[in-house]
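A, B, ... follow the sequence lines: proteins, then strands. Residue 1 opens every chain. When reading the values below, keep in mind they use all heavy atoms of this one structure, side chains included, and skip hydrogens, waters and symmetry mates.
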There are 4 protein chains.
Amino acid sequence: MNRPQGRTGRPRSAEADRAILDATRTVLVELGWGKLTLGEVAARAGVAKTTLYRRWAGKNELVVDAVADLFDEHLELPDRGSLRADIEGVVRQFAALLDRPETKTALMAVVAESTRDEALRERIRSAIVDRQKNLVLLGRARAQERGELPYEPDPVLAARTADLIFDVIAGAVVHRTLVSAEPVDGEWARGFTALLVGGLAAAAGGSA
Amino acid sequence: MNRPQGRTGRPRSAEADRAILDATRTVLVELGWGKLTLGEVAARAGVAKTTLYRRWAGKNELVVDAVADLFDEHLELPDRGSLRADIEGVVRQFAALLDRPETKTALMAVVAESTRDEALRERIRSAIVDRQKNLVLLGRARAQERGELPYEPDPVLAARTADLIFDVIAGAVVHRTLVSAEPVDGEWARGFTALLVGGLAAAAGGSA
Amino acid sequence: MNRPQGRTGRPRSAEADRAILDATRTVLVELGWGKLTLGEVAARAGVAKTTLYRRWAGKNELVVDAVADLFDEHLELPDRGSLRADIEGVVRQFAALLDRPETKTALMAVVAESTRDEALRERIRSAIVDRQKNLVLLGRARAQERGELPYEPDPVLAARTADLIFDVIAGAVVHRTLVSAEPVDGEWARGFTALLVGGLAAAAGGSA
Amino acid sequence: MNRPQGRTGRPRSAEADRAILDATRTVLVELGWGKLTLGEVAARAGVAKTTLYRRWAGKNELVVDAVADLFDEHLELPDRGSLRADIEGVVRQFAALLDRPETKTALMAVVAESTRDEALRERIRSAIVDRQKNLVLLGRARAQERGELPYEPDPVLAARTADLIFDVIAGAVVHRTLVSAEPVDGEWARGFTALLVGGLAAAAGGSA
DNA sequence: GCTTAAGCGAGACGGTACGTCTAGTCTTCAT
DNA sequence: ATGAAGACTAGACGTACCGTCTCGCTTAAGC
């Protein structure tokens with residue numbers, strides 16, 4: 001009864017949506033970003049190309065959405081009891097996500113494209129980046145409750161610091177994985193966490 | 001005498017090489033990685049496609065070389081008197097490099113491709129990454145001479161730490177610039193440097 | 001009252017039929033046969049594609065019907081007093097019909113299609129060709145009444161001759177208009193009529 | 001040595017041309033005009049679509065050239081000794097050509113398209129129509145030599161008459177074959193020829 | 001100075017994918 | 001049941017690049 005606008009005609013198939021996103025991930029794994037073809041995705045999804053183009057403007061948009069699903073499913077922040085453990089946990093989790101063949105190439109590729117495409121950048125931000133950033137905010141709030149970090153009264157400064165921490169964590173993990181092409185193993189995760197926690201403590205102590 | 005094999009015939013034109021790399025950078029700026037075409041580069045360089053393919057295997061290899069030139073010209077580490085100043089200097093320098101339109105997209109794109117192409121990864125490492133990493137080694141050596149950082153006797157551990165610092169610096173700057181899409185201004189550079197120097201100091205103190 | 005079968009539900013709109021045929025002719029004029037699209041016709045007629053497909057099997061059938069209407073309206077054979085005048089009249093009339101933009105292309109196109117489609121050929125025959133052929137029969141009957149042509153006692157032979165005359169008249173006009181792409185002006189019509197009447201007279205005299 | 005213009009680059013393959021035209025005829029026979037696809041032709045010819053598009057602008061142009069070859073090979077006018085025999089011969093020859101599956105649909109279809117495309121009309125004229133018309137001119141010249149037809153001193157009038165005869169012959173055969181969809185058998189050919197020769201004789205006698 | 005082999009510009013070649021368009025069918029809601 | 005709207009499968013369209021090839025011409029090293 002409550003079709004908001006004068007909606008008419010056959011509704012879009014939700015099944016098609018799912019099949020397309022699943023096929024996209026499968027093709028990413030098998031062929032990689034470079035050889036991923038919208039025609040191939042459509043064929044694998046058992047769907048006509050037009051159906052795909054009706055929903056996504058192109059390869060970039062499709063892949064962002066397909067990858068974003070993974071971030072939804074695999075990023076969370078259980079309370080591990082200390083700031084150090086929380087950071088190390090999120091580092092490992094993010095590294096595990098980046099290690100999947102469907103995210104590895106795809107993520108960097110869409111980021112590369114996004115430098116020339118404002119709409120794409122916005123889509124990446126809302127679908128992927130903001131969800132990660134929320135983990136940082138949650139982690140800090142917990143650390144503040146535990147007394148590990150001081151409360152920052154100035155909201156602007158607080159936001160800036162959160163952004164900085166986010167760039168440091170995500171940037172380091174991405175760089176280690178993709179550019180240095182070395183694994184994020186337990187040792188590296190511990191070393192990195194130590195460095196970061198040390199820096200945060202120094203900043204907290206220094207400002208105290 | 002020292003033509004290794006029986007080399008004869010017309011030698012390759014050095015001018016063509018230069019024209020091709022220049023054209024590559026120009027096209028990167030104007031069209032971006034995604035729309036860069038080898039045919040277009042050849043046309044701009046006033047060169048036949050064959051000439052281009054005789055020297056580079058494809059788009060990826062060509063762009064790596066074209067961008068690597070920029071890293072050669074624009075990355076250096078003058079002694080700024082303190083570890084903190086050296087780090088902040090290199091952060092700004094690298095950020096300025098990433099802000100150029102020809103590096104912005106290109107760098108991430110070739111890194112994305114390199115996840116599926118071992119040879120390309122090696123080429124990126126030798127042409128770009130290692131040169132940056134040397135700056136880290138040089139900066140640490142200077143800081144050790146100044147007494148700001150302790151000498152690490154274990155060479156394996158020393159290498160690991162250098163790698164970690166490199167991933168943190170480069171990763172944070174890249175992430176800030178490309179993913180968060182926010183500028184690396186003076187404030188951010190100071191904040192980041194403070195965090196990193198604090199962490200390094202804590203590690204040095206903690207191990208002392 | 002008299003709904004032959006158990007007909008129920010909403011009856012078909014006669015208005016829709018008319019709108020579709022009108023739209024078909026309009027589109028034929030504007031875009032020609034080649035670019036005529038059933039979707040476009042439906043849109044212009046303010047009708048859903050389904051409605052159109054419920055009534056016609058495809059583009060060919062639709063166009064045949066749309067064009068047949070014109071033949072109904074514009075072909076007739078008033079008694080002009082002599083065989084020669086009757087032939088010249090029908091030649092001019094048919095030429096005028098072929099000169100319309102909606103028939104010009106359409107007629108040849110459906111004829112071309114009909115070479116591979118028996119049902120279409122039959123539809124063209126009953127909707128268009130037979131109506132033209134009747135004019136030939138009528139003209140001959142009048143000429144026989146006037147004494148300009150002898151009566152042919154053998155009905156088979158009579159039918160054959162009528163077919164031949166029909167192919168000569170219609171074929172010549174069509175060929176002149178579409179293949180030679182020259183106008184059927186008064187001079188041509190007179191010349192052609194003279195040739196045909198001469199031939200008929202010779203045949204009548206020869207058999208006498 | 002004598003490359004007229006500054007000709008450079010790899011020359012076009014004559015073999016490709018031949019393979020494409022052969023494939024076009026094959027596909028015309030198997031699938032007919034309506035289902036003929038440039039992609040299919042290219043595939044059958046063992047040639048890339050681009051190669052085909054480099055030479056022909058589209059389906060119409062290609063088919064005209066493919067069919068024109070047949071007219072070159074199969075239309076000739078041996079001297080059969082009399083005007084009547086020459087006409088009957090050319091009628092049978094042309095009918096035989098139209099009866100081939102590759103010409104039947106194709107010829108009418110391109111003629112239909114040509115009503116909206118001046119360039120295509122010109123191509124049809126020069127590739128097909130003019131060659132047929134030459135047979136008419138040749139036949140008349142022979143008949144004049146034999147004394148069967150008078151010489152026409154006015155060249156304009158002579159040309160008009162030739163055009164008229166051409167439209168009558170070609171039009172009648174085409175109409176019989178495609179529209180009436182009846183065979184051009186010996187009886188029809190004789191009847192038609194008698195009618196035309198009678199008309200020509202009457203005209204010649206009338207003007208004498 | 002002549003030979004000779006590679007380099008060179010040009011552009012055609014077989015391919016692959018693109019993103020769009022049309023055909024004809026199907027599904028939904030409203031009449 | 002019919003109608004309007006519009007999503008659906010299927011597949012051709014004509015274009016753009018890819019990386020390779022075939023031309024005829026140019027250029028230097030080595031005889």
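For the pair K59(C) NZ and dA23(E) P, the interatomic distance rounds to 6 Å; values are reported in whole Å. In this structure, the CD1 atom of I20(D) is 13 Å from the P atom of dA12(E), given to the nearest Å. Between L38(A) atom CG and dG19(E) atom P the separation is 6 Å, expressed in whole Å. Distance CD (E40(D)) to P (dG14(F)): 15 Å, rounded to an integer number of Å. Rounding to whole angstrom units, NZ of residue K35(A) and P of dA17(E) are separated by 9 Å. In this entry the distance linking CH2 of W56(A) with P of dT20(E) reads 16 Å, nearest Å. Nucleotide dA5(E) holds its C1' atom 14 Å from the CZ atom of R12(B), rounded to whole Å. Regarding E15(D), its CD atom lies at a distance of 13 Å from the P atom of dT22(F), rounded to whole Å.
Side-chain atoms of P11(B) lie closest to dA28(F) of the nucleotides dC18(E), dG14(F), dA28(F). Among the nucleotides dA10(F), dA10(E), dA16(F), the one closest to any side-chain atom of A48(B) is dA10(E). The side chain of Y53(B) lies closest to dG19(F), out of dC18(E), dG19(F), dT25(E).
A cation-pi geometry, defined here as NZ or CZ lying under 6.0 Å from the six-membered ring centre and within 45° of its normal, does not hold between K104(A) and W33(A).
Proximity of R10(D) to the phosphate of dC13(E): no side-chain N or O atom is located under 4.0 Å from OP1 or OP2. Side-chain N/O atoms of T50(A) include none lying less than 4.0 angstrom from OP1 or OP2 on dA7(F). For dG3(F), one of the phosphate oxygens OP1 or OP2 lies less than 4.0 angstrom from a side-chain nitrogen or oxygen of R54(C). An OP1 or OP2 oxygen of dC8(F) is reached within less than 4.0 angstrom by a side-chain nitrogen or oxygen of R55(A). Note on T37(A): every side-chain N or O is 4.0 Å or more away from OP1 and OP2 of dT16(E). OP1 or OP2 of dG14(E) lies within a sub-4.0 Å distance of a side-chain N or O belonging to T51(D).
Within 4.0 Å of G46(A), counting heavy atoms only, lie sugar-phosphate atoms of the nucleic acid but no base atom.
Ranked by how close their nearest DNA chain E nucleotide is to the 5' end, A45(B) and A16(D) are led by A45(B). Remark on DNA chain F: of its neighbouring residues A14(A) and L36(B), the 5'-side contact belongs to A14(A), judged by nearest-heavy-atom nucleotide.
Here the rule is side-chain contact (heavy atoms from CB on, under 4.5 Å) with L28(C), and of T105(C), T103(C), L36(C) only L36(C) fits it.
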Would L70(A) and E102(A) count as a side chain to side chain contact (heavy atoms under 4.5 Å, CB included) if you check the C-alpha gap in whole Å, the side-chain angles of each, and the deciding distance to 0.1 Å?
-> CA-CA 9 Å; L70(A) 296 174; E102(A) 62 265 49; 3.4 Å; yes

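The base of dG14(E) does not come close enough to the side chain of K49(D) for any donor and acceptor atom to sit less than 3.5 Å apart.
Considering only heavy atoms from C-beta on, L21(A) comes within 4.5 Å of W56(A) through its side chain. Residues K59(D) and L38(D) have side chains in contact (heavy-atom distance under 4.5 Å, counting atoms from C-beta outward).
Residue-environment remark: CD (E122(B)) exceeds the threshold of 12 foreign heavy atoms within 6.0 Å.
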